[in-house]
Amino acid sequence: MLLGCIADDLTGATDLALMLVRGGMRTVQVVGVPQDPANLPEADAVVVALKSRTTPPAEAVAESLASAEALLAAGARQLFFKYCSTFDSTDQGNIGPVAEALMERLGCRFTLACPAFPGAQRTIYQGHLFVGASLLSDSPLKDHPLTPMHDPNLVSVLSRQTRRKVGLVSYETVEAGAEAIAAAFGRAGEEGVEIAIVDAISDRHLRDIGTAAAGLPLITGGSGVAIGLPDNFRRQGLLSGDPLAGFDPPEGPAAILAGSCSAATRGQVAQAQEAGIPAYRIDPLELSQGKISPAGMLDWARQQDRDRPLMIFSTAEPDSIRQVQETLGRDKAGVLVEDALAEVAAGLVAQGVRRLIVAGGETSGAVVNGLKLQALEIGPEIDPGVPWTRSAGTPPLALALKSGNFGTPDFFVKAWDVLS
Ligand code: ADP
């Protein structure tokens with residue numbers, strides 16, 4: 001393994017993994033702290049997906065350190081701490097405390113912090129983070145329920161989260177290219193700066209920052225700054241060929257499990273039904289009353305024609321969701337459906353299903369836990385942000401975990417073609 005990454009949430013981990021695959025690195029994603037580093041699948045990069053963005057700082061630090069330990073034990077030469085491109089955090093953390101703990105573990109005296117992602121309209125100029133044309137503090141992120149961002153100056157934001165000295169490598173230097181940036185990193189280190197916010201308003205800047213960071217034991221930032229990292233390893237002759245060449249999805253019956261009620265998923269469920277995919281609709285109220293059950297859904301599945309995909313979904317329109325939530329409570333309804341879909345997923349795999357699409361972020365988390373999946377090798381992208389993956393362990397599965405709002409309306413119909 002060349003690059004070991006720790007991401008503070010699941011979708012961010014997938015973003016980063018896709019960025020590395022596009023750059024030519026064979027990449028595996030691990031859900032939660034790796035339990036058994038010796039058994040990680042072979043890869044150029046491993047991305048550990050934690051859920052540590054808003055957990056108490058001590059917990060985020062402990063999980064990040066445990067992940068770092070596993071990645072280093074598996075041979076990682078460089079670590080990358082990935083957080084959101086809008087620097088989602090509070091004055092308590094968790095970006096500062098985790099970066100600091102990783103620096104200490106690696107004995108590293110200097111690192112950079114660059115959440116910029118110009119492709120997604122996140123740019124940094126003179127240390128100030130912009131979302132599109134607005135400063136971070138004027139963007140919708142100011143009203144984020146968990147991490148409201150009221151200060152756009154990342155040097156100040158990060159300074160409040162860490163005892164380490166925070167500095168800036170500004171636009172003028174970044175614009176001058178990789179050598180100038182590397183020299184600035186050296187100078188900053190000599191001047192006692194331990195973490196430098198780095199300006200970037202274009203992908204060229206990110207590539208140059210990546211080049212300049214080749215020798216750093218630790219890099220921190222958004223998935224944008226990873227754009228330049230694969231080339232560092234390629235220049236050393238450590239990367240070969242197509243990262244997807246070894247991707248070998250299992251053959252077998254296919255199923256779709258949809259627990260997302262987002263607009264995109266509603267459209268995809270409708271289109272799958274129109275295309276004639278056999279479908280079972282879960283009514284959460286009937287589920288709560290025991291009128292339907294995972295065992296019944298599995299009986300239904302057993303009776304379907306296995307030469308084509310089947311679909312089990314709880315996806316519903318806002319009015320119906322409101323009614324369910326008023327009766328059961330929002331959280332109880334959510335967990336009820338998630339648990340049922342996780343149980344159905346395990347039952348379908350026991351019936352021989354080997355190809356699975358799961359729609360919904362929380363739903364995907366529940367299914368991954370229910371199937372006890374630890375490592376997912378990243379395969380070809382179906383739509384932006386949603387790759388096919390192959391799970392490690394037995395039996396291997398082809399899995400596509402789709403955030404609610406991702407994908408075109410024909411996603412459930414067309415995704416299978418990407419595998420063949
Ligand atoms: P998304 O990625 O679209 O946000 P999630 O899976 O993260 O999807 O969240 C959807 C939540 O809604 C889950 O907790 C799921 O169990 C719950 N849910 C699914 N169907 C229904 C329904 N018909 N009524 C109420 N809640 C539902």
Side-chain angles (χ1 to χ4, degrees), residues 7-15 18 29 31-32 49-51 53-54 84 88 140 144-147 255-273 279-294 296-297 300 311-348 356-371 373 376 382-387 389 399-409 411-412 415:
D8 67 359
D9 85 336
L10 184 65
T11 45
T14 307
D15 272 355
L18 284 169
Q29 187 172 316
V31 185
L50 297 179
K51 241 179 146 172
R53 185 164 294 167
T54 52
C84 186
D88 296 11
H144 190 285
L146 302 175
T147 51
I256 301 159
L257 296 176
S260 158
C261 298
S262 303
T265 305
R266 296 203 306 268
Q268 288 154 352
V269 166
Q271 221 177 91
Q273 286 178 291
Y280 183 111
R281 191 179 73 84
I282 299 175
D283 176 342
L285 292 176
E286 288 186 6
L287 186 62
S288 74
Q289 294 156 1
K291 289 188 186 156
I292 58 171
S293 67
M297 299 170 206
W300 171 84
M311 175 165 74
I312 298 178
F313 69 101
S314 64
T315 310
E317 297 296 319
D319 276 347
S320 148
I321 299 165
R322 211 168 298 122
Q323 205 188 335
V324 167
Q325 290 180 338
E326 274 167 15
T327 313
L328 299 176
R330 179 202 297 258
D331 293 347
K332 191 159 169 255
V335 171
L336 182 75
V337 175
E338 285 168 34
D339 286 353
L341 286 174
E343 196 178 329
V344 168
L348 288 174
L356 206 53
I357 295 175
V358 186
E362 292 301 322
T363 307
S364 294
V367 168
V368 164
N369 283 337
L371 293 174
L373 302 178
L376 302 173
I382 305 162
D383 271 330
V386 200
T389 67
L399 277 166
L401 307 175
K402 189 191 79 74
S403 255
N405 259 327
F406 283 19
T408 55
F411 187 91
F412 293 159

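The first residue of the sequence shown is numbered 1, and numbering continues consecutively from there. Atoms within a ligand are numbered from 1 in the order they appear, just like the ligands themselves.
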G404 neighbourhood, listing ligand 1 atoms whose heavy-atom distance to it stays under 4.0 Å
1 (P), 2 (O), 3 (O)
Starting from atom 6 (O) of ligand 1, locate the nearest protein heavy atom and write down its residue, its atom name and how far away it is, to 0.1 Å.
T363 OG1, 2.6 Å
Of all the atoms in ligand 1, which lie at a distance below 4.0 Å from a heavy atom belonging to G361?
1 (P), 2 (O), 5 (P), 6 (O), 7 (O), 8 (O)
Identify which one of V386, L376, V367 satisfies the side chain to side chain contact (heavy atoms under 4.5 Å, CB included) criterion when paired with L401.
L376
Among protein heavy atoms, which sits nearest to atom 16 (O) of ligand 1, and what does the distance come to when rounded to 0.1 Å?
G334 O, 2.8 Å
In this structure, which one of L287, D331, I282 forms a side chain to side chain contact (heavy atoms under 4.5 Å, CB included) with L336?
L287
The reported gap from CD in Q29 to CG in L373 (rounded to nearest 0.5 angstrom) is 11.5 Å
Using a 4.0 Å heavy-atom cut-off, say whether A316 meets ligand 1 through its side chain, its backbone, both or neither.
side chain
Contact check, I321 vs ligand 1, heavy-atom distance below 4.0 Å:
yes
What atoms of ligand 1 come within less than 4.0 Å of a heavy atom belonging to C261?
19 (C), 20 (N), 21 (C)
Report yes if some N/O of S403 lies less than 3.5 Å from some N/O of ligand 1; otherwise report no.
no
Which protein non-hydrogen atom lies closest to atom 15 (C) of ligand 1, naming both residue and atom, and how far is it?
G259 O, 3.6 Å
Is a donor on one side and an acceptor on the other found under 3.5 Å between the side chain of T315 and the backbone of S260?
yes
For atom 23 (N) of ligand 1, which protein heavy atom lies nearest, and how many Å away is it?
S314 O, 3.0 Å
Which residues pass the side chain to side chain contact (heavy atoms under 4.5 Å, CB included) test with R322, not counting sequence neighbours?
P318, D319, E326
Could you work out, for atom 14 (O) of ligand 1, the closest of R330, E362, E338 by heavy-atom distance?
E338
From F406 atom CZ to T14 atom OG1, the distance as rounded to the nearest 0.5 Å
8.5 Å
Tell me: protein heavy atom nearest atom 3 (O) of ligand 1, and distance?
S262 OG, 2.5 Å
P387 side chain reached by L18 side chain, heavy atoms, under 4.5 Å
yes
Could you tell me the residue and atom name of the protein heavy atom closest to atom 8 (O) of ligand 1, and the distance to it rounded to 0.1 Å?
G360 CA, 3.4 Å
Are any of the N/O atoms on N405, whether in the backbone or the side chain, positioned under 3.5 angstrom from an N/O atom of ligand 1?
no
How long is the gap from NZ on K51 to CG on L10, to the nearest 0.5 Å?
8.5 Å
Within 4.0 Å of some non-hydrogen atom of P284, the atoms of ligand 1 are 22 (C), 23 (N), 24 (N)
Between V324 and ligand 1, which residue portion shows a heavy-atom distance shorter than 4.0 Å: side chain, backbone, both, or neither?
side chain
Sequence neighbours excluded, which residues qualify as salt bridge (charged side-chain N to carboxylate O under 4.0 Å, His left out) partners of D8?
R53
List ligand 1 atoms under 4.0 Å from V337, heavy atoms only on the residue side.
16 (O), 19 (C)
CD/Q323: more than 12 non-hydrogen atoms of other groups inside 6.0 Å
no
With no hydrogens and no angle check, is any side-chain donor or acceptor of T265 less than 3.5 Å from a backbone partner on C261?
no
